[in-house]
Amino acid sequence: MSKRVAILTSGGDAPGMNACLRAAIIKCKCEGYELLGYKHGYNGLLEQEFISLSFDTTHNLIQQGGTILHSARCKSFKTDAGAKQAANNLRKAKIDTLVVIGGDGSFKGAAHLSQFWDGQIIGIPGTIDNDIAGTDATIGYYTAIDTAMSSIDKVRDTADAFERIFLVEVMGRHAGFLALNAAIASAADYVIVPEFFKTTDDELNKIVKQIKARREQQGALSFIIVVAENVWPEGLLGLSNALHNKGIDDVRPVTLGHVQRGGSPVSQDRLLATTLGEFAISLVGTNHTNIMVGEVNQRPVIVPLEETWKHAKPLNDAQICAMKSLMNERY
Ligand code: ADP
């Protein structure tokens, strides 16, 4: 049966969102569904700002970073009045299914909307943070690891040349996936992530102990500390000052910032985005609603939306062990 499907990208943008749009467009064409794209996240829903996503749109799309629908944050969508307006607009546009590509905030928004709209809602996890439970990875996560890793490789070159200490802040809000993986992949010397951060004193003592022990053994050397954003009070400057107070100077802070969101998606993100985009549209017209599609052990899964944010997703145990033994047990 013919369906009208709408799709949008919301919240923090992530490489691979376009690849996901492409897969959805192609699947909709195969199924004979009409596909509309709301622009600027939930703002587009409130403003009834949409475009038709035809097959032509897919040309040269898979490799493009960002999102052709643009993304945004939308305060008024959080209110009941905003959600009701969005619901009215979806009814006016005769939409059967809304697909939301975004992070946990966007999923909370979708769940809120479902109180006022009885159409079908499907979420697709798109965030560089990988902080969504129910799926092994989120679209954009792998590319962000690569970007952070290659930036840290470059930092290492200059750190080695001057035998300096570098603090590198990576994104990740409340989860250490990106920091931990970037640290392991770039052979960083230390990582600070929210999941195993105890106190500033505890971390400082460990860092200072390591730097001093290494310098005693090997003389002057570089030392790279990867720091997840929002973990250290007062950020990199606070950590830099704390090290200074412990007699460690020559510390340089680097914040990678928004470069981590950009760039052409790596193959893993293109593959995940394509699989999830196709799978989401294959569920159109079924009884599955208020759900996210994800991937676990390389198989597509369907997860109730609230399960995606109810419990914090744990870091990979083997990775934690690997990083901890590198940080604490060598010296
Ligand atoms: P992300 O989806 O990347 O986590 P945000 O947290 O910024 O990004 O959320 C994106 C948008 O989702 C917000 O601008 C808002 O419109 C909506 N949203 C976020 N949290 C909620 C909530 N608790 N209730 C309703 N809508 C929300």
Side-chain angles (χ1 to χ4, degrees), residues 6-18 20-21 37-50 65-67 69-90 98-117 119 121-135 137-144 170-178 194 228-230 257-258 260-262 265 269 272-273 276-277 280 289-294 303-313:
I7 195 163
L8 57 84
T9 50
S10 165
D13 57 302
M17 283 182 161
N18 280 328
C20 191
L21 291 173
Y38 276 100
K39 297 179 85 174
H40 307 110
Y42 290 128
N43 287 298
L45 259 188
L46 297 185
E47 302 294 326
Q48 199 67 308
E49 183 192 12
F50 59 75
T67 156
L69 289 179
H70 305 286
S71 190
R73 298 199 158 91
C74 178
K75 250 190 181 171
S76 50
F77 184 75
K78 286 189 170 184
T79 63
D80 283 0
K84 278 181 193 165
Q85 190 183 332
N88 280 337
N89 285 346
L90 286 164
L98 176 68
V99 179
V100 174
I101 309 173
D104 65 329
S106 301
F107 289 174
K108 285 174 190 159
H112 182 223
L113 171 67
S114 73
Q115 293 173 23
F116 307 99
W117 185 59
I121 295 179
I122 301 175
I124 303 181
T127 164
I128 63 167
D129 299 338
N130 195 30
D131 58 347
I132 295 189
T135 184
T138 55
I139 297 167
Y141 171 53
Y142 293 114
T143 309
V170 305
M171 283 184 165
R173 285 194 297 190
H174 311 296
F177 292 96
L178 191 49
E229 68 178 332
N230 293 330
H258 282 76
Q260 293 161 98
R261 290 197 186 284
D269 278 327
L272 181 65
L276 295 186
T289 187
N290 294 327
I291 52 106
M292 173 194 81
V293 293
V303 186
L305 272 183
E306 72 267 19
E307 295 293 322
T308 67
W309 68 75
K310 220 158 71 184
H311 310 289
K313 181 171 163 180

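Numbering of ligands and ligand atoms starts at 1, following listing order. The figures that follow rest on heavy atoms only: side chains count, while hydrogens, waters and symmetry mates do not.
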Flag, side chain of Asn18 to backbone of Gly65, donor-acceptor distance under 3.5 Å: yes
Among Lys75, Lys78, His112, Arg73, which residue places a heavy atom closest to atom 27 (C) of ligand 1? Lys78
Tell me, which protein residue and heavy-atom name are nearest atom 17 (C) of ligand 1, and how many Å apart are they? Gly105 O, 3.7 Å
Out of Ser106, Gly140, Gly109, whose heavy atom sits nearest atom 10 (C) of ligand 1? Ser106
Without swapping roles, check the side chain of Thr289 against the backbone of Ile121 for a donor-acceptor pair under 3.5 Å. yes
Side chain Tyr42, main chain Ser106, donor-acceptor under 3.5 Å: yes
Give me the residue, atom name and distance of the protein heavy atom closest to atom 8 (O) of ligand 1. Gly11 CA, 3.3 Å
Below 4.0 angstrom from a heavy atom of Phe77, which ligand 1 atoms are there? Numbered from 1 as shown, please. 16 (O)
Please check this pair: side chain of Thr9 against backbone of His70, looking for a donor-acceptor N/O pair closer than 3.5 Å. yes
Answer yes or no: does an N/O atom from Gly12 fall short of 3.5 Å to an N/O atom of ligand 1? yes
Which residue and non-hydrogen atom of the protein lie closest to atom 22 (C) of ligand 1, and at what distance in Å? Lys108 CB, 3.7 Å
Donor-acceptor under 3.5 Å (Gln260 side chain, Met171 main chain): yes
Between ligand 1 and Asp104, can you find any atom pair, the residue atom being a heavy atom, that is separated by under 4.0 Å? yes
Give the residue, atom name and distance (to 0.1 Å) of the protein heavy atom nearest atom 15 (C) of ligand 1. Cys74 O, 3.4 Å
Can any side-chain N or O of Gln85 pair as donor or acceptor with the backbone N or O of Leu46 at less than 3.5 Å? yes
Could you go through Thr135 and Thr308, starting from their C-alpha distance and side-chain angles, then the distance that decides it, and tell me whether this counts as side chain to side chain contact (heavy atoms under 4.5 Å, CB included)? CA-CA 8 Å; Thr135 184; Thr308 67; over 6 Å; no
Return the closest protein heavy atom for atom 11 (C) of ligand 1 as residue, atom name and distance. Ser10 OG, 3.9 Å
